[in-house]
Amino acid sequence: MQIFLAGSLILILLQLTTTTVASVEQKIDNKTLGMPINSPAYPAPPNQFNNREYFIITYETDPAALEKVVPYPLKVTEPVVKYEFIRMPDSSGLGDYTESGQVIPVEFNGTRGLFVLSMYLDNEPAILAGREIWGFPKKLGRPSLGVDPVSRDTLVGRLFYGELEVARGTMGYKWQALPTDDIKKYLEDTPNYLIKVIPDVDGSPKIHQLVKYHLGNVTVHGAWTGPTDLELFRHALAPVADLPVKKVVSGVHFVSDLTLLPGTVEYDYQKG
Ligand SMILES: CC(=O)CC(=O)O
C-alpha cells in the first residue's frame, strides 16, 4: 500500500513538472517578452503614443564636452544639444508617464540624425521596455511638464533626480504658432540612435550595439515657440550639467500622436 501511494505521488509530481515546463516553453515560443516569464513587465511593441507633448530646448554647449559623450561611429555635427521634456499621458502598453533628457545632433554614414544620450522617467514598464528592447538610456527620475499654476502664462519643464532638481526649462506658453508639417517631417524623417549595452551573466559585455529607430504615423496637433530659457544643475548621478548651457537657441512645444517603430542594429561593437 505504502509503495503504491509513494509511486502515485511521484507520478503526480512528474506530471506537474512536465506541465509547468511545457507551458513555460509554450509561452516563450509565443513571444513572451522579458521577465518575469509568467507576467512580463511590458507587452510586445509597437507602442502607440497619443497626445505626446514635447518641450524641446535647443542650446549651444561646450564642443569638447560633447565630443566626450558621443561614441564612435557617430560624429558630432555642431556644438548643440536638444534638452527634452516629454509628457506621455496615453501610451499603449505603458500607460501615463513623463520623461526628460538630452539628445545630440549627429551624423552617421553621411546622414544626419539624433543620438539619445540620456532619459529620466517615472514609469517602470517604459524604463524596462526602453532599455531591454531598443537600448534607450533610461533611468528613474521625476520629470514634469505643464503650465505654471501661479503665473499661468509659462510652460515649465522640470527634472528632479531623487529630491534634487537637475533641469528647469521655461517658455512663454503658445506665444507663436509654428507650421505643424515641418515638425511632422522632422519627426518621421530623422533617424534616432541609441547605444544598447547589456551585460552577460558574469558581468562582461554581452550586447554592445549602435541601434537606430524611427517614429512613424505622426500627426502633429499643434506647435508653438516663444521666449525660452534653460537651467541645468550639477548632480553626480544625473550629469545633465556636464553639457553646460552656453546659449539658448530656441524652444519648441508641440503635441503629437505617433508610433515608436522597431529598431535596427547599425553597428556591432563586438564584431567591429
Ligand atoms: C518605450 C520607449 O522607450 C519610448 C519612450 O519612453 O520614449
Side-chain angles (χ1 to χ4, degrees), residues 31-35 39-58 81-106 113-146 157-161 166-167 169 183-184 186-198 207 209-221 223 238 240 252-266:
K31 284 184 153 189
T32 290
L33 276 191
M35 297 156 286
S39 175
Y42 48 82
N47 301 92
Q48 171 65 27
F49 296 84
N50 297 326
N51 293 318
R52 183 164 156 137
E53 182 181 11
Y54 285 85
F55 176 23
I56 304 178
I57 302 165
T58 302
V81 181
K82 290 178 184 293
Y83 196 96
E84 300 190 338
F85 299 93
I86 312 175
R87 267 292 294 135
M88 287 161 275
D90 177 7
S91 316
S92 68
L94 305 173
D96 175 350
Y97 63 106
T98 308
E99 189 164 279
S100 179
Q102 285 163 313
V103 172
I104 298 164
V106 291
L114 295 169
F115 168 54
V116 185
L117 175 67
S118 62
M119 282 183 162
Y120 300 88
L121 58 154
D122 54 7
N123 173 300
E124 190 187 34
I127 292 177
L128 297 175
R131 290 177 67 105
E132 291 174 6
I133 302 174
W134 293 269
F136 278 96
K138 291 179 161 183
K139 285 175 82 167
L140 184 65
R142 293 198 300 121
S144 63
L145 176 60
R158 298 178 87 181
L159 172 62
F160 286 77
Y161 190 77
V166 293
I183 310 254
K184 172 180 161 67
Y186 174 76
L187 288 180
E188 284 184 338
D189 292 356
T190 307
N192 299 281
Y193 297 101
L194 304 161
I195 301 293
K196 180 172 182 177
V197 183
I198 306 269
I207 296 172
Q209 300 164 334
L210 174 69
V211 173
K212 178 171 85 173
Y213 75 94
H214 275 270
L215 301 173
N217 310 315
V218 177
T219 302
V220 180
H221 299 297
V240 290
V252 180
H253 172 211
F254 58 90
V255 180
S256 59
D257 297 340
L258 55 87
T259 311
L260 173 61
L261 300 175
T264 52
V265 177
E266 297 296 307

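Every number for a ligand or one of its atoms is a count from 1 in the order of the listing.
Taking every non-hydrogen atom of R52 and a distance limit under 4.0 Å, the qualifying atoms of ligand 1 come out as 7 (O). Each of the atoms 1 (C), 2 (C), 4 (C) of ligand 1 lies under 4.0 Å from some heavy atom of L260. Those atoms of ligand 1 with a heavy atom of L94 less than 4.0 angstrom away are 1 (C). Applying the 4.0 Å criterion to heavy atoms of G130 picks out, from ligand 1, the atoms 3 (O). Ligand 1 places these atoms under 4.0 Å from at least one heavy atom of Y97: 4 (C), 5 (C), 6 (O). With ligand atoms numbered from 1 in the order given, ligand 1 contributes 3 (O) to contacts under 4.0 Å with heavy atoms of F136.
Between E124 and the options L128, I127, L121, a side-chain contact (heavy atoms from CB on, under 4.5 Å) holds for only L128.
Contact between N123 and ligand 1 is absent, with no heavy atom of the residue lying under 4.0 Å from the ligand. Proximity of Y42 to ligand 1 is not established, as no heavy-atom distance is less than 4.0 Å.
Looking only at side-chain heavy atoms (C-beta outward), L114 and Y186 come within less than 4.5 Å of each other. With a 4.5 Å cut-off on side-chain heavy atoms, T219 and H221 count as touching.
The shortest heavy-atom contact between G141 and Y120 is CA-CB, 4.1 Å. Nearest approach of V240 to V166, heavy atoms of both residues: CG2-O, 3.4 Å.
Of the polar atoms of W134, none of the N or O atoms is found under 3.5 Å from an N or O of ligand 1, judged by distance alone.
Contacts between L121 and ligand 1, counted as non-hydrogen atom pairs separated by less than 4.0 Å, are absent for every part of the residue. The residue I133 has no part lying near ligand 1, judged by heavy-atom distances below 4.0 Å.
Comparing E99, E132, E84, K138 by heavy-atom distance to atom 7 (O) of ligand 1, the nearest is E99.
Relative orientation of the H253 and F55 rings is perpendicular, given thresholds of 30° and 60° on the angle between their planes.
We find that R87 and D96 are joined by a salt bridge, their nearest charged nitrogen and carboxylate oxygen being less than 4.0 Å apart.
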